[in-house]
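The structure appears below as structure tokens.
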Amino acid sequence: MNWSFYQIWNASLEEGKTEKILMPRRKIWASEMGGSYVDRFLKMTAVTPSNPPNFRSLRKFEAGNIWETIVGYVLDRAGILQRRQEWLSYQYPNLLPVTGKLDFVAGGKPDYDKAIDTINREFKWLPEFISRATRNIVSGLKEQFPDGLSHIILEIKSCSSFMFERYEKQNTASLQHKMQLFHYLKATGMEEGHIVYISKDDARLLEIAILNPSVIEETYHNDIKIMTEYLTNNEPPPLEKPIVLDNLLGNFSANWKVGYSSYLTMLYGLENQKEFDYKYKPVAERWNRVLGRIIDKKEMTENNKTAIEEMKQAGFEPDKIISLLNK
């Protein structure tokens with residue numbers, strides 16, 4: 001009989017899917033912070049999603065779990081893993097509590113020689129590059145920090161090479177990830193944490209430090225305050241704009257908060273992310289081309305003028321955008 005590893009693997013992932021029972025809640029998940037307010041409101045009031053995660057999304061999540069597991073194993077065998085998967089809550093007076101589960105706390109004073117011996121004996125089942133990397137990590141730590149390491153929180157995020165290069169170019173993490181990590185720092189009183197991005201396409205790593213105290217707290221606090229007001233007043237937040245302006249890059253993009261919405265059909269009348277991308281990504285790209293033509297002082301065509309009017313109708317001010325891009 002013929003058999004297929006592909007079918008067995010897929011079946012095992014699909015069997016692992018469990019339907020979450022939505023219950024009204026008066027607490028914010030740290031991983032939701034920075035996301036769409038209207039999506040969060042609907043989830044917190046137990047409205048059934050019209051667009052739940054599909055199997056592709058679940059597999060992407062599992063791919064992230066694989067990298068997180070490898071990092072945890074490396075930290076453990078290097079002797080610097082202190083805690084993992086710890087639930088942490090924090091609450092400002094009169095605001096909703098926030099709760100979330102950190103990935104790792106690492107640091108301390110390991111027995112470096114014992115760690116290397118453990119790696120040599122126990123890493124036979126892992127690819128050689130992981131064993132080699134772990135030995136190099138331990139050797140480097142032994143040379144640079146013979147008296148041990150301070151404790152820091154590590155939040156592991158795997159992503160596509162496209163997103164990795166975006167974070168690398170900007171030398172910053174996403175606002176959502178910053179707030180999530182800051183929550184763990186706030187809840188523990190720890191002073192430092194690192195967001196570690198791993199490119200799923202080529203295993204590159206990027207590490208962004210977040211401190212406590214930090215200017216991020218203002219954004220963190222404001223997010224909680226706004227969400228508290230919507231939920232307390234039982235007032236659904238406004239819908240997200242389908243196209244947004246990236247203030248760091250100075251260009252338009254299709255709003256991921258809409259494209260990845262669990263309520264995409266219910267709120268925006270779109271069947272799936274593919275339909276959203278088909279409808280709005282070409283518009284964002286067209287607007288960006290027009291911005292480029294304006295910067296290059298090229299003559300505006302009738303189509304260009306139409307695009308400028310579309311920007312204005314969507315609530316954007318092309319003149320101010322150009323002024324910022326020219327600085």
Side-chain angles (χ1 to χ4, degrees), residues 25-35 37 40 44 64-65 67-69 71-112 115 137-138 140-142 144-158 167 170-198 205-232:
R25 56 180 164 92
R26 294 192 62 83
K27 59 184 175 182
I28 297 170
W29 300 131
S31 59
E32 290 179 346
M33 299 191 74
Y37 286 118
R40 292 158 64 185
M44 294 175 75
N65 284 341
W67 274 111
E68 185 180 316
T69 300
V71 171
Y73 198 85
V74 169
L75 293 173
D76 186 33
R77 290 303 181 263
I80 58 174
L81 178 61
Q82 300 299 320
R83 306 196 302 276
R84 68 190 304 168
Q85 300 298 303
E86 180 179 0
W87 283 99
L88 297 168
S89 295
Y90 185 81
Q91 184 173 16
Y92 290 108
N94 303 317
L95 296 181
L96 291 171
V98 181
T99 188
K101 186 167 60 175
L102 61 73
D103 288 340
F104 307 107
V105 175
K109 188 176 181 179
D111 183 332
Y112 291 118
I137 289 170
V138 174
L141 293 176
K142 180 179 180 180
Q144 297 179 53
F145 305 99
D147 298 323
L149 310 164
S150 61
H151 286 192
I152 61 172
I153 296 173
L154 293 177
E155 187 66 20
I156 312 303
K157 301 292 185 185
S158 59
Y167 296 137
Q170 297 178 7
N171 193 31
T172 189
S174 79
L175 183 59
Q176 292 72 36
H177 298 156
K178 288 179 182 178
M179 284 198 283
Q180 183 182 359
L181 178 52
F182 181 80
H183 167 71
Y184 304 139
L185 295 173
K186 189 72 176 176
T188 59
M190 293 178 65
E191 297 179 351
E192 185 174 352
H194 295 178
I195 299 169
V196 180
Y197 287 114
I198 303 176
L205 268 70
L206 175 67
E207 193 165 357
I208 306 293
I210 304 297
L211 303 179
N212 177 33
S214 166
V215 294
I216 296 168
E217 181 160 12
E218 181 179 354
T219 307
Y220 170 82
H221 179 273
N222 193 52
D223 182 282
I224 301 168
K225 182 174 180 291
I226 292 173
M227 199 68 245
T228 299
E229 290 173 353
Y230 282 130
L231 203 67
T232 301

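Just so it is clear, the values below take in all heavy atoms, side chains as well, and ignore hydrogens, waters and symmetry mates. Quick note: residue numbers are just sequence positions, from 1. All figures in this text were calculated on a predicted structure; none of them were measured in a lab.
L88 is not listed as a side-chain neighbour of V98, based on a closest heavy-atom distance of 4.5 Å or more. Between E86 and T188 the shortest side-chain heavy-atom distance does not fall below 4.5 Å. Side-chain atoms of Y167 and I208, non-hydrogen and from C-beta on, never get closer than 4.5 Å to each other. Taking 4.5 Å as the limit, some side-chain heavy atom of Y92 sits within range of a side-chain heavy atom of Y220. In this structure the side chain of E191 never reaches within 4.5 angstrom of the side chain of L211, judged on heavy atoms.
To the nearest 0.5 Å, atoms CD1 (I156) and CH2 (W67) are separated by 11.0 Å. Note that the CG atom of L75 and the CZ atom of R84 stand 8.0 Å from one another [nearest 0.5 Å].
Taking the six-membered ring where the residue is Trp, W29 and W87 present tilted rings, their angle falling between 30° and 60°.
In this structure E207 satisfies the side-chain hydrogen bond (donor to acceptor under 3.5 Å, both in side chains) test together with H194, sequence neighbours excluded. Shown here are the ring pair (Phe, Tyr, Trp, His ring centres under 6.0 Å) partners of H151, two or more places apart in sequence or in another chain: there are none. When the ring pair (Phe, Tyr, Trp, His ring centres under 6.0 Å) test is applied to Y184, no partner is found at least two apart in sequence or on another chain. Partners of K225 under the salt bridge (Lys or Arg N to Asp or Glu O under 4.0 Å) rule, at least two apart in sequence or in another chain, are E229. Under the side chain to side chain contact (heavy atoms under 4.5 Å, CB included) criterion, S150 pairs with I152, sequence neighbours left out. Remark: Y112 pairs with no residue by the ring pair (Phe, Tyr, Trp, His ring centres under 6.0 Å) rule, at least two apart or across chains. L96 is linked by a side chain to side chain contact (heavy atoms under 4.5 Å, CB included) to R26, I28, M44, T228, L231, counting only residues two or more places apart in sequence or in another chain. Among residues two or more places apart in sequence or in another chain, the salt bridge (Lys or Arg N to Asp or Glu O under 4.0 Å) test is passed with E217 by K186. Under the side-chain hydrogen bond (donor to acceptor under 3.5 Å, both in side chains) criterion, Q82 pairs with no residue, sequence neighbours left out. Residues passing the salt bridge (Lys or Arg N to Asp or Glu O under 4.0 Å) test with K178: none are found, sequence neighbours excluded. Under the rule for a salt bridge (Lys or Arg N to Asp or Glu O under 4.0 Å), the partners of R40 that lie at least two apart in sequence or sit in another chain are D223.
Remark: R25 engages E32 in a salt bridge, criterion side-chain N to carboxylate O under 4.0 Å.
Legend: salt bridge (Lys or Arg N to Asp or Glu O under 4.0 Å) pairs involving residues 149-158, not counting sequence neighbours, sorted by first then second residue: E155-K157.
The 12-atom threshold is not exceeded at CG of N94, counting heavy atoms of other residues, nucleotides or ligands nearer than 6.0 Å.
Each of I80, V196, D103 was checked for a side-chain contact (heavy atoms from CB on, under 4.5 Å) with L154, and the lone residue meeting it is V196.
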